[in-house]
Number of protein chains: 2
Amino acid sequence: MDTGDDELLDSAFLALADPVRRRIIARLSRGPATVNELAEPFAITKQAVSKHIQVLEQAQLVTRTRDAQRRPVHLNPARLEALTAWIDQYRLVREEQFRSLDAVLRSNAAASGKQAKDPS
Amino acid sequence: MDTGDDELLDSAFLALADPVRRRIIARLSRGPATVNELAEPFAITKQAVSKHIQVLEQAQLVTRTRDAQRRPVHLNPARLEALTAWIDQYRLVREEQFRSLDAVLRSNAAASGKQAKDPS
DNA sequence: TTATTGATCAACCTTTCGGTTGTTTAAGGC
DNA sequence: GCCTTAAACAACCGAAAGGTTGATCAATAA
């Protein structure tokens with residue numbers, strides 16, 4: 001389960017590490033779209049866009065449904081949430097430590113009766 | 001400014017798309033560490049770990065200070081926050097639309113007087 | 001000064017990524 | 001049936017990623 005998580009995080013963060021794919025995500029946040037629609041704003045071939053979508057799909061950031069010969073792409077917000085959850089797990093720990101350190105510094109300054117390194 | 005943002009997002013998401021670098025982030029969330037300390041748990045060379053840290057540094061996810069001959073690495077929570085901000089920007093939009101769609105479906109079901117596709 | 005320790009630099013190798021062109025599949029429209 | 005359209009598949013190419021080994025630099029300790 002650990003390794004599976006790892007691979008999902010690998011592929012998801014890698015998927016977001018490309019401006020084309022981030023713009024696709026941005027577009028899909030306003031609703032589903034087909035490959036042709038998604039490819040339209042870009043100066044690259046439709047095949048290249050199709051590959052980008054495959055990367056997003058493998059990361060489970062998007063899913064595809066069938067609608068006649070069209071294959072609309074949908075955003076999967078749950079996977080995006082998993083990424084923010086991972087980041088916040090460590091970001092918040094560190095920020096809390098900053099606050100604690102700050103508190104210690106203030107406490108020491110008060111106990112010593114001298115001014116701390118406060119630039120004011 | 002836009003392109004700069006793009007490149008920062010590129011490098012930051014790419015930096016997180018590797019299990020070694022994510023473990024380094026996890027370690028640094030508990031406090032600064034040197035390259036040797038960071039390299040210890042891994043089965044790869046110190047040089048490889050040094051490269052990983054350079055990737056994190058270029059993405060501004062970590063910074064380095066000088067302490068005699070040691071060069072401790074520090075986590076930069078602000079950059080992590082920028083990533084969650086980017087993700088949430090689109091995740092929340094989409095989730096709100098889901099709620100709206102749900103409301104429309106419920107409304108239509110009520111107006112038609114027939115049962116909706118409610119599985120209950 | 002010399003040796004030691006912590007860390008980077010440099011070259012090289014293999015794999016993967018982003019892109020192309022060209023071909024095939026699948027579903028509708030006529 | 002045939003033709004058009006949406007999209008995937010396949011082979012290929014250049015650039016970059018992740019790893020190695022070996023040499024170098026910078027700061028301390030002897």
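Please read all numbers here as calculations on a predicted model, not as lab measurements. Chain identifiers are assigned alphabetically (A, B, ...) following the order of the sequence lines, protein sequences preceding nucleic acid strands; residue numbering begins at 1 within each chain.
Contact annotation: A:R70 does not reach the phosphate of C:dG28 (side-chain N/O to OP1 or OP2, under 4.0 Å). Under 4.0 angstrom from either OP1 or OP2 of C:dC17 there lies no side-chain N or O belonging to A:H52. Here B:Q54 does not reach the OP1 or OP2 of C:dA7: none of its side-chain N or O atoms lies under 4.0 Å away. Residue A:R71 has no polar side-chain atom (N or O) positioned under 4.0 Å from OP1 or OP2 of C:dA27. Phosphate proximity of C:dA7 to B:S50: absent, as no side-chain N or O sits under 4.0 Å from OP1 or OP2. Contact check, B:R21 against D:dG18: a side-chain N or O comes under 4.0 Å of OP1 or OP2. Regarding contacts with the backbone of C:dT5, every side-chain N or O of B:N36 stays at 4.0 angstrom or more from both OP1 and OP2.
Atom pair B:D18:CG and D:dG19:P shows a separation of 6 Å (rounding to whole Å applied). Between the CD atom of A:Q58 and the P atom of D:dA8 there is a distance of 15 Å, given to the nearest Å. Put simply, CD on B:E7 is 13 Å from P on D:dA16, counting in whole angstrom units. Atom pair A:F13:CZ and C:dT16:P shows a separation of 21 Å (rounding to whole Å applied). Between the CD atom of A:Q69 and the P atom of D:dC3 there is a distance of 18 Å, given to the nearest Å. Across the protein-nucleic acid pair, A:D10 atom CG and C:dT15 atom C1' stand 15 Å apart, rounded to whole Å. Regarding A:K46, its NZ atom lies at a distance of 16 Å from the C1' atom of C:dG19, rounded to whole Å. The nearest whole Å value for the distance from the CG atom in A:L38 to the P atom in D:dA7 is 9 Å.
B:R22 places a side-chain N or O within 3.5 Å of a backbone atom of A:D6 that can act as its donor or acceptor partner. Counting only distance, with no hydrogens or angles, the side chain of B:S11 and the backbone of B:E7 share a donor-acceptor pair below 3.5 Å.
Among the protein residues, A:Q47 comes within range of the nucleic acid bases, having at least one heavy atom under 4.0 Å from a base atom. Among the heavy atoms of the strands lying under 4.0 Å from A:T45 is at least one base atom, whether or not backbone atoms are also near.
Each of A:R21, A:E57, A:Q47, A:R23 was scored for a side-chain hydrogen bond (donor to acceptor under 3.5 Å, both in side chains) with A:H52, with one residue passing: A:R21.
With rounding to the nearest 0.5 Å, the separation of CG in B:D88 from CG in B:L83 is 11.0 Å.
Residue order along DNA chain C, read from the 5' end via each residue's closest nucleotide, puts A:L14 first among A:I44 and A:L14.
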What's the verdict on side-chain contact (heavy atoms from CB on, under 4.5 Å) for B:L80 and B:N76, showing C-alpha distance, side-chain angles and the deciding distance? CA-CA 7 Å; B:L80 286 177; B:N76 179 11; over 6 Å; no
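Counting only heavy atoms from C-beta on, B:A68 has its side chain closest to D:dT28 among D:dG18, C:dA27, D:dT28. Counting only heavy atoms from C-beta on, B:A48 has its side chain closest to D:dT20 among D:dA27, C:dT8, D:dT20. Closest approach to the A:V35 side chain among C:dA7, D:dA23, D:dA8 is made by D:dA8 (side chain taken as heavy atoms from C-beta onward).
Residue-to-nucleotide contacts include a donor-acceptor pair under 3.5 Å from the side chain of B:K51 to the base of D:dG19.
Under the 4.5 Å side-chain heavy-atom criterion for Ile, Leu, Val, Met, Phe, Trp and Tyr, B:V20 and B:L28 are members of the same hydrophobic cluster.
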